[in-house]
Participant: 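Questions regarding the structure given below will be posed in turn.
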2 protein chains.
Amino acid sequence: MATRIVEPEAGPRSKRAAILAAAVDHFGEAGFEATKWSMVAERVGIGQTALYHYFESKTHCLLTIMRQELQRSHDMFTEATADVEEPVEALRAAVRAAYDVSDQEVLQMRILQNHMDLLSGPRKSKREEAERVAARQLVQLVERDWTNLLVRGMSQGAFPLRDAQLLGAGVLGLIVSVWRWYRPSGPTPLSEVSEMIEGACVRMVAT
Amino acid sequence: MATRIVEPEAGPRSKRAAILAAAVDHFGEAGFEATKWSMVAERVGIGQTALYHYFESKTHCLLTIMRQELQRSHDMFTEATADVEEPVEALRAAVRAAYDVSDQEVLQMRILQNHMDLLSGPRKSKREEAERVAARQLVQLVERDWTNLLVRGMSQGAFPLRDAQLLGAGVLGLIVSVWRWYRPSGPTPLSEVSEMIEGACVRMVAT
DNA sequence: GATCAACCTGAGCCAAGTTCAATTCAGTTA
DNA sequence: TAACTGAATTGAACTTGGCTCAGGTTGATC
């Protein structure tokens, strides 16, 4: 279980990374459906059939983007909370880490949130299914990250006792809901969002 | 502005309602993409081209479902909070109303959440665009419902002063995030979810 | 400079949504 | 009851966009 997918190492003229970057731009800005697979190829500067050398399908590319973003989220959570003993401080650190992202990563989070439903049903092709299963495991990992944080705080007496699973889902839901509406070009800077959510989470959990 | 779309009144042999119901089932269970438009026709018992008598496209049907659900959400909020003076009680009533839904409505909320991104970009066809714009207005209406509730509570001194817009978005995000994972057949009854979220919202807002 | 794997392409296939001209059906008018 | 009307319905053809295939190019390695 929990086999971390190894990214295919890049041959010197591999366009895989460029394709992923172009796909993130298009999927994030225009939406997955609205993006023609051929537009991604065009952006990269290759024929559309060349895409199939790297990805089995448009959806396979999407799932890869989602899985990568989930991996990053989990890694960032772990790194941010690793050496923070105090539960409230750990919670704060985790929230701040969640919003410490680049513009490209904002797009990836948006893509992830907008297509979560893809992870529920099984896929027909092998490689798509592999990415889907990996992504699902990562979702559960991230959920567990948050519930564990809450459980720890509750058992230490820093947080009142509540259903940690349910409350964790709430906290996570609150945090990621931001990616539905947040735009880097919008009126509210991410730092402000981060502070607001941080406070809200603490009140939700530690009151 | 804010022109409420009038549902075409049903001629005695109109299948519009049946189509919408069948579409909600399919879109909600299998997902919009995974559902073949012809499957909906089959369920209703008509040929697939007959669908185009009622809806301009598969997407037009989806947008209609979303707009209807948003309308319902707004109406329920208004009804639930209408004669509740006390801000905390009004907040509680609003949350409870949000989770006072039938299984069919759970599906509609899921569909709505899974395709919010459709509302951002403009549509090519007239009727689709009309539904999209109406839905967007309703989204803003619902957002305003929640911020107004918070503003009222803050000005009455029942809630501490905070950015009501941002906090409102958070509360709403928390509430609707449930529809991503909740299943009527799942282990957690909706009543339990409702209570948890109600408490969380109060702590978030009134602490 | 031969070999092999990685990489790329043009031509065309196929599924699913959509359009259209023709037709049926229910209710209304004469 | 025959003629008429508009809503409802259909089969067949069309369109779009993701995808397959058979074969060609490139460049690292020996």
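The figures here come from the full heavy-atom set of this structure, side chains too, leaving out hydrogens, waters and symmetry mates. From a predicted model like this one, the values you see are computed outputs, not experimental measurements.
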Participant: Using OP1 and OP2 only, check whether a side-chain N or O of B/H53 sits under 4.0 Å from D/dT9.
Facilitator: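 No, because none of the side-chain N or O atoms of B/H53 sits under 4.0 Å from OP1 or OP2 of D/dT9.
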Participant: Would you indicate whether the side-chain heavy atoms of B/P87 and B/L149 approach each other to under 4.5 Å?
Facilitator: no
Participant: Can you tell me if CD on B/E129 sees more than 12 non-hydrogen neighbours from other groups inside 6.0 Å?
Facilitator: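 More than 12 within 6.0 Å, yes.
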Participant: Assess the residue pair A/L150 and A/M154 against the criterion (side-chain contact (heavy atoms from CB on, under 4.5 Å)); give the C-alpha distance rounded to whole Å, side-chain angles, the decisive distance to 0.1 Å, and a yes or no.
Facilitator: CA-CA 6 Å; A/L150 298 192; A/M154 289 182 195; 4.2 Å; yes
Participant: Please confirm whether B/K15 makes a cation-pi placement over B/Y54, using NZ or CZ under 6.0 Å from the six-membered ring centre and within 45° of the ring normal.
Facilitator: no
Participant: Quick check: are there more than 12 heavy atoms from other residues, nucleotides or ligands sitting under 6.0 Å from CD of A/E33?
Facilitator: yes
Participant: Whether the side chain of A/R110 engages the backbone of A/W179 through a donor-acceptor N/O pair (distance < 3.5 Å, no angle test) should be reported.
Facilitator: no
Participant: Any side-chain heavy-atom pair from B/C61 and B/I65 closer than 4.5 angstrom?
Facilitator: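 In short, these two side chains touch, coming nearer than 4.5 Å.
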Participant: Let's go through B/L63 and B/L119 carefully: what are the C-alpha distance in whole Å and the side-chain angles of both, what is the deciding distance for side-chain contact (heavy atoms from CB on, under 4.5 Å) to 0.1 Å, and is it a yes or a no?
Facilitator: CA-CA 8 Å; B/L63 285 165; B/L119 303 187; 3.8 Å; yes
Participant: What are the residues of residues 55-68 of chain A, sorted by number, that bring a heavy atom to within less than 4.0 Å of DNA chain D?
Facilitator: A/S57, A/K58
Participant: Within less than 4.0 Å of OP1 or OP2 of D/dT9, is there a side-chain N or O belonging to B/K15?
Facilitator: yes
Participant: Does any N or O in the side chain of B/R180 come within less than 3.5 Å of the main-chain N or O of A/Q113, such that one atom is a donor and the other an acceptor?
Facilitator: yes
Participant: Counting only non-hydrogen atoms, which of residues 115-128 of chain B are less than 4.0 Å from DNA chain C?
Facilitator: none
Participant: Side chains of B/T147 and B/Q165: any donor to acceptor distance under 3.5 Å?
Facilitator: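 Their side chains do not contain a donor-acceptor pair, so the 3.5 Å distance test is not met.
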Participant: Using a cut-off of strictly less than 4.0 Å between a heavy atom of the residue and any atom of DNA chain C, enumerate the qualifying residues of residues 30-52 of chain B by number.
Facilitator: B/T35, B/K36, B/W37, B/Q48, B/T49, B/Y52
Participant: Applying salt bridge (Lys or Arg N to Asp or Glu O under 4.0 Å), name anything that partners A/E198, two or more places apart in sequence or on another chain.
Facilitator: A/R92, A/R96
Participant: Under the criterion side-chain contact (heavy atoms from CB on, under 4.5 Å), I'd like the reasoning laid out for A/V205 against B/R203: C-alpha separation, chi angles, the key distance, then a yes or no.
Facilitator: CA-CA 9 Å; A/V205 171; B/R203 268 169 274 144; over 6 Å; no
Participant: Could you tell me the boundaries of the chain A footprint on DNA chain C, defined by atoms under 4.0 Å from its heavy atoms?
Facilitator: C/dA6 to C/dA11
Participant: Between B/R123 and B/L118, is a side-chain contact (heavy atoms from CB on, under 4.5 Å) present by the stated rule, with each step listed?
Facilitator: CA-CA 9 Å; B/R123 304 260 92 206; B/L118 257 188; 3.7 Å; yes
Participant: How large an angle, rounded to 10°, do the end axes of the helix from C/dG1-D/dC30 to C/dA30-D/dT1 enclose when each is built from five base pairs?
Facilitator: 0°
Participant: Any idea which heavy atoms bring A/E56 and A/S125 closest together, and the distance?
Facilitator: OE1-OG, 2.6 Å
Participant: Is there a donor-acceptor contact under 3.5 Å linking the side chains of A/T64 and A/E131?
Facilitator: yes
